[in-house]
Amino acid sequence: MLRIGGFQKFSLIDFPGKMAAVVFTQGCDFRCPFCHNPDLVLPEKFSEPILEQEILEFLEKRQDQLQGVVVTGGEPTIQGDLKAFLKKVKDLGFFVKLDTNGNNPEVLDDLIKEKLIDYVAMDVKAPLEKYSDVTGVQIDQSKIKESIDLILNSGIDYQFRTTVVKPFLSDQDLSNIASFLQGAKRYILQPFSAKGDILDASLLDVGHYTSDEFDNLKQKWHRE
Ligand code: SF4
């Protein structure tokens, strides 16, 4: 059974070009200090999971109104039952978008080969050499690289995206990311919002890019 911590019945912005429902899985193998979803990342903050069956029943009733289902987290690919869940969603006739941190390329590869996903959005957190600092855990850089290559060669639609957090990412860092994503048709820069509940609250009190500074970075590196 997929561990599900949240469900949004309708979204026009999470799946490009599709009206979609959004499933939020519980648990993540990263600890990004700037993460805005501690209740989906830290086990001690998990709410009572939502039953997978409830969601599938809802989707069955919305087959005519919705086109897609977004599976996001947390990190969906750490769940052993992800594949079985996606099969059920595909059997209901929905397009599937997967949001991932790219740390589990073998899972991604399998889902792509089995045609269980139609769109992938991968967060690229930092230049590879800074990955462990920015994600708060020890990272095998080759896995991140492998996921990027898999997506680029998959033939399915995709986007890469980076949340631009000033204490972690400079203009030079974004330039380095843009270089190793060369060939990617879509690279989205997202501003960091220094408010709300985040994993490391001390980040709320340090300097962040102003909106003008962010727009400047976006103009240089964002492409879609
Ligand atoms: S921002 Fe980082 S810690 Fe939060 S869900 Fe995404 S990968 Fe996990």
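Everything numeric here is computed off the predicted structure, so don't read it as measured data. In each ligand, atom 1 is the first atom listed, and ligand 1 is the first ligand listed. Hydrogens, waters and symmetry mates are skipped; everything else that's a heavy atom, side chains included, is used.
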Point to revise | Cationic tip of K185 above Y158 ring, under 6.0 Å, 45° of axis | key: yes

**Study point:** Any side-chain donor near an acceptor of the partner, D200 and S202, under 3.5 Å
**Key:** yes

Point to revise | S170 versus Q172, side-chain donor and acceptor atoms under 3.5 Å | key: no

Check your understanding: Does the shortest distance from atom 4 (Fe) of ligand 1 to an N/O/S atom of C32 fall below 2.8 Å?
Key -> no

Check your understanding: Do H36 and F192 have their ring centres less than 6.0 Å from each other?
Key -> yes

Revision key, fill the gap. The atoms of ligand 1 lying under 4.0 Å from a heavy atom of C35, numbered in the order shown, are 1 (S), 3 (S), 4 (Fe), 5 (S)

Exercise for review: May I ask whether V41 has any heavy atom positioned less than 4.0 angstrom from an atom of ligand 1?
Suggested key: yes

Exercise for review: Report yes or no: does K125 have a heavy atom closer than 4.0 Å to ligand 1?
Suggested key: yes

Exercise for review: Output yes if C28 passes the N/O/S-under-2.8 Å test against atom 8 (Fe) of ligand 1; output no otherwise.
Suggested key: yes

Exercise for review: Applying salt bridge (Lys or Arg N to Asp or Glu O under 4.0 Å) between D171 and each of K220, K166, K218, report the one that passes.
Suggested key: K220

